[in-house]
Amino acid sequence: MENVRVRFAPSPTGFLHIGGARTALFNWLFAKHEGGKFILRIEDTDTERSTSEYQMNILEDLRWLGLDWDEGPEVEGRFSPYLQSQRFSIYQSYIQRLLDSGQAYYCFCSMQELEKERFESEKKKLPYHYSKKCRTLSQQEIEHQMKNNVAFSIRIKVPNEGQLVIQDMIRGTVSFQWNDFDDFIVVRSQGGATYNLVVVIDDALMKISHVIRGEDHLSNTPKQILLYQALSFEVPRFAHIPLILGADKSRLSKRHGAVSIGEFRRQGYLPETMINYLAHLGWSMDGTTEVFSRETLVKHFSLTRVIKSAACFDYAKLQWLNGKYIREMDKDTFIHLGTAVLLEKNIISSEFIKNHENQVRKIMLIVKDHVKLISDIAHQTDYFFNPIENYNLELIEKFSNIEVTKRLEEFFDLILPMTSFDAAELEKSIRHLADQKKLKLADYVHPVRFALTGQLTSPGLFEVMEILGHDSCIDRITRLSNGLKTQMSAKK
RNA sequence: GACCCCAUCGUCUAGAGGCCUAGGACGCCGGGUUUUCAUCCCGGCAACACGGGUUCGACUCCCGUUGGGGUCGCCA
């Protein structure tokens, strides 16, 4: 395809959410696949609700996802600026053109009047339509109103009849009847062009070839096509992708769980996971492949394989995918991410990392395959670096019996004289001990694991011991033994 | 309510008239490996919304019903 140019045009009135991220992804993938350009444009014409914080956030999240833009804020390009708030003057001449050609007209109806019209038709249970009474105002009437400084908006003359047929790349043929549409407003009475106008002007000026966006825009498309034609712009191709729903099939919202990219990032999801998951939500490569790299995605992505129906977001599958990516992750990358989490949560200091680099490495690698979210690393490694704060009371209760204390004592006696503390060696001696006492290995492992980690699950116990070291093991076993004994005597 | 879109296991999806006894994945259940958890490996449960057509034949095409979603702003 020649000169593919697509864009993602978020409005900075909130954080980048899952749906927006997927729209951005599909645009990005399409551009990369076709060898085209991906443009980022900020739609901040709603000055009331737009903030620069949100804008910064969106850019940051897009970069985190690796969805870099060829043109847009901070990189600029042939069609700068890419913030609509800086393009107001550009829109002016096009508004004039619409007025001059008679395709748009001044409307002096006040909000109150319109409200009344709306109320009246609601009372009669009729679908509301603007009366179009300003459409036929004479030149004198217009001048008269202007002279009196009556506030006006500008409306587009929508054809009274006929239909408009869209060839959507995903949905196929979609047709609308013009008489279902109102003469919509393109310039507010306070001044300022509205979304439908600016989106068309910008897409045309920025030479956007394909408009790929959420299905919620499908109903707006006829209005926009009308504007393209009114301004003699070339109409781009449209592709409306299905929306993302929550588990209950209602629109995805906070009550379903995390919805913004930032939240997922903070929870410990990887950008690769998000990309992979989002790509497969509404698109498939072949029906069997579940895990695809960015390169594979770029190579195979096509709008023709985007499904038409809305998809429910599945947190469980997302988590599974994240675990898979973590397991397959390069060791150094994992260590890097893991230590960052530990630093952030104040589990270790950067001093400590400097002085114990090898130990930190070892600990990271030992938990790598157990982690589903990067943030899990914190509670899965805390006991290596810090003393166990308090043993869980319920578990203390569970382990409070004579058998357990006996096992701990035997174990203690076994390791006390040891001079080397190697995982393989430890395993050999402990197996030997169990055999001797005619017990299962697990009879020793479970109480000791609890003593050393304060948890019921951990990576291989012998490796844990090797890392903790002789003295620390002795201390913790002593501490738990004493704790259990106290508990048992208190019960008597 | 009007208009538009959609409809395969609980969820994500494959399926473009006979390849379907409907495939894969997550989840779930059972089993194996492991000192525990996770991993890994086996196995299992589970779907074409409904009703009419068209056709020798329909998950696939058409119509209707139902259900879900979207849009009806001087928001984007």
Side-chain angles (χ1 to χ4, degrees), chain A residues 9-14 43-46 48-50 84 107 109-111 114 118 122 125-129 151-155 166 168 170-172 174-177 179-182 184-196 198-199 214-222 240 242-243 245 247-251 277 280-291 305 307-321 323-324 327 367-372 376 380 427 430-431 434 440-446 448-450 453 455-462:
Chain A
S11 59
T13 54
E43 311 229 317
D44 53 352
T45 51
D46 182 356
E48 299 272 303
R49 297 194 303 144
S50 300
Q84 288 184 327
C107 173
C109 298
S110 69
M111 303 256 207
L114 295 174
R118 197 166 291 144
E122 214 159 280
K125 299 215 164 163
L126 290 170
Y128 171 67
H129 276 299
F152 61 86
S153 59
I154 296 175
R155 287 182 186 268
I166 298 169
D168 189 276
I170 292 168
R171 326 209 79 88
V174 184
S175 43
F176 296 88
Q177 301 299 318
N179 60 20
D180 288 322
F181 289 87
D182 262 340
F184 56 99
I185 289 171
V186 289
V187 179
R188 305 181 185 96
S189 52
Q190 308 292 329
T194 61
Y195 166 75
N196 282 122
V198 298
V199 78
E215 193 190 346
D216 48 342
H217 288 286
L218 187 54
S219 311
N220 272 325
T221 309
H240 288 93
L243 266 20
L245 272 27
D248 58 356
K249 293 197 183 284
S250 71
R251 200 173 189 162
Y277 182 79
H280 197 28
L281 204 58
W283 176 85
S284 68
M285 193 174 107
D286 53 19
T288 51
T289 310
E290 297 286 334
V291 182
R305 287 192 68 86
I307 202 168
K308 291 177 180 176
S309 52
C312 298
F313 196 88
D314 183 358
Y315 292 88
K317 189 160 184 178
L318 180 72
Q319 194 165 96
W320 164 79
L321 235 200
K324 208 163 170 61
R327 272 170 258 129
V367 298
K368 183 164 175 276
D369 290 355
H370 299 250
V371 168
K372 285 236 170 79
D376 286 348
Q380 289 196 24
E427 175 162 7
I430 293 158
R431 282 191 188 276
K440 283 180 291 184
L441 186 60
D443 292 326
Y444 288 102
V445 165
H446 294 305
V448 173
R449 165 174 288 119
F450 181 52
T453 69
Q455 298 179 14
L456 295 182
T457 64
S458 78
L461 185 67
F462 311 116

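All of these numbers come straight from a predicted model, not from anything done at the bench. Naming: A, B, ... by sequence-line order, numbering from 1 per chain.
Taking 4.0 Å as the cut-off between side-chain N and carboxylate O, A:Lys317 and A:Glu290 count as a salt-bridged pair.
Distance noted for atom C1' between B:G57 and B:G17: 8 Å (whole Å). Between the C1' atoms of B:U8 and B:A47, the separation comes to 6 Å (whole Å). Comparing the same atom, P, in B:A49 and in B:C12 gives a spacing of 14 Å after rounding to whole Å. Look at the C1' atom in both B:G10 and B:C42: the space between them is 24 Å, to the nearest Å. Nucleotides B:U33 and B:C40 are separated by 8 Å at their C1' atoms, to the nearest Å. Comparing B:U60 with B:G15, their C1' atoms are spaced 8 Å from each other, to the whole Å. Rounded to a whole angstrom, the distance from the P atom of B:A58 to that of B:G44 is 30 Å. Comparing B:C3 with B:G23, their C1' atoms are spaced 38 Å from each other, to the whole Å.
Shown here, B:U36 forms no base pair; nothing in the strands shown gives a Watson-Crick or G-U wobble contact with both key distances under 3.5 Å. Pair assignment for B:A25: B:U11, on the basis of Watson-Crick or G-U wobble contacts that are both within less than 3.5 Å. Across every strand in view, B:G30 sits in a pair with B:C42 that passes the Watson-Crick or G-U test at under 3.5 angstrom. Base-pair partner of B:U54: not found among the strands shown (Watson-Crick or G-U wobble, both distances under 3.5 Å). Under the Watson-Crick or G-U wobble criterion, with both distances below 3.5 Å, B:G1 is paired with B:C72. In this entry B:A47 has no Watson-Crick or G-U wobble partner, no candidate having both defining distances under 3.5 Å.
The distance from atom CD of A:Gln380 to atom C1' of B:A38 is 8 Å, rounded to the nearest whole Å. We find that CD of A:Glu290 is positioned 7 Å from C1' of B:U13, with the value rounded to whole Å. The separation between A:His280 atom NE2 and B:G24 atom P is 14 Å, rounded to whole Å. Between A:Phe450 atom CZ and B:C37 atom P the separation is 17 Å, expressed in whole Å. If you take NZ of A:Lys308 and P of B:U13, they are 15 Å apart, rounded to a whole angstrom. Rounding to whole angstrom units, CD of residue A:Gln319 and P of B:C37 are separated by 18 Å. Between A:Phe313 atom CZ and B:U13 atom C1' there is a gap of 16 Å when expressed in whole angstrom units. In this structure, the CD1 atom of A:Ile170 is 16 Å from the C1' atom of B:C4, given to the nearest Å.
No side-chain N or O of A:Thr194 forms a donor-acceptor pair with one of A:Asn196 less than 3.5 Å apart.
Separating the CZ atom in A:Phe152 from the CD1 atom in A:Ile185 is a distance of 12.0 Å, to the nearest 0.5 Å. Interatomic distance, A:Ile170 CD1 to A:Glu215 CD, rounded to the nearest 0.5 Å: 9.5 Å. If you take CG on A:Asp376 and CD on A:Gln319, they are separated by 7.0 Å, rounding to the nearest 0.5 Å. Going from atom CG of A:Leu441 over to atom NE2 of A:His446 covers 8.5 Å, rounded to the nearest 0.5 Å. One distance of note links CD of A:Gln84 with OG of A:Ser11; it measures 9.0 Å at 0.5 Å rounding.
Smallest separation of non-hydrogen atoms from A:His280 and A:Trp283: ND1-O, 2.9 Å.
Applying the 3.5 Å distance criterion, the base of B:U35 shares no donor-acceptor pair with the side chain of A:Arg431.
Counting only heavy atoms from C-beta outward, the side chains of A:Tyr128 and A:Leu114 approach each other to under 4.5 Å.
Looking at heavy-atom distances under 4.0 Å, A:Ser284 makes contact with sugar-phosphate atoms alone, never a base. Among the atoms of the strands shown, only primed sugar atoms or phosphate atoms (P, OP1, OP2) are found under 4.0 Å from some heavy atom of A:Ser175. Among the atoms of the strands shown, base atoms are found under 4.0 Å from some heavy atom of A:Arg449. Residue A:Gly192 is out of contact with every strand shown, counting any heavy-atom pair closer than 4.0 Å.
Judged by centroid separation below 5.5 Å and plane tilt below 30°, A:His370 stacks onto the base of B:C37.
In terms of modelled atom types and a separation under 3.5 Å, the side chain of A:Asp46 and the main chain of A:Glu48 share a donor-acceptor contact. Formation of a donor-acceptor pair under 3.5 Å by the A:Asp168 side chain with backbone atoms of A:His240 is found in this model.
Ring orientation note: the planes of A:Tyr195 and A:His217 are tilted relative to one another, at an angle of 30° to 60°.
Both A:Ala247 and A:Val174 lie close to RNA chain B; mapped to their nearest nucleotides by heavy-atom distance, the more 5′-ward contact belongs to A:Val174.
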Per-nt protein contacts along nucleotides 68-76 of chain B (heavy atom under 4.0 Å; B base, S backbone sugar-phosphate only, - none) come out as SSBS--BBB
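OP1 or OP2 of B:C40 lies within a sub-4.0 Å distance of a side-chain N or O belonging to A:Arg327.
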Below 3.5 Å between N/O atoms, which protein atoms pair up with nucleotides 26-29 of chain B? Just atom names and distances, please.
from	atom 1	to	atom 2	distance (Å)
B:C26	O2'	A:Lys317	N	3.3

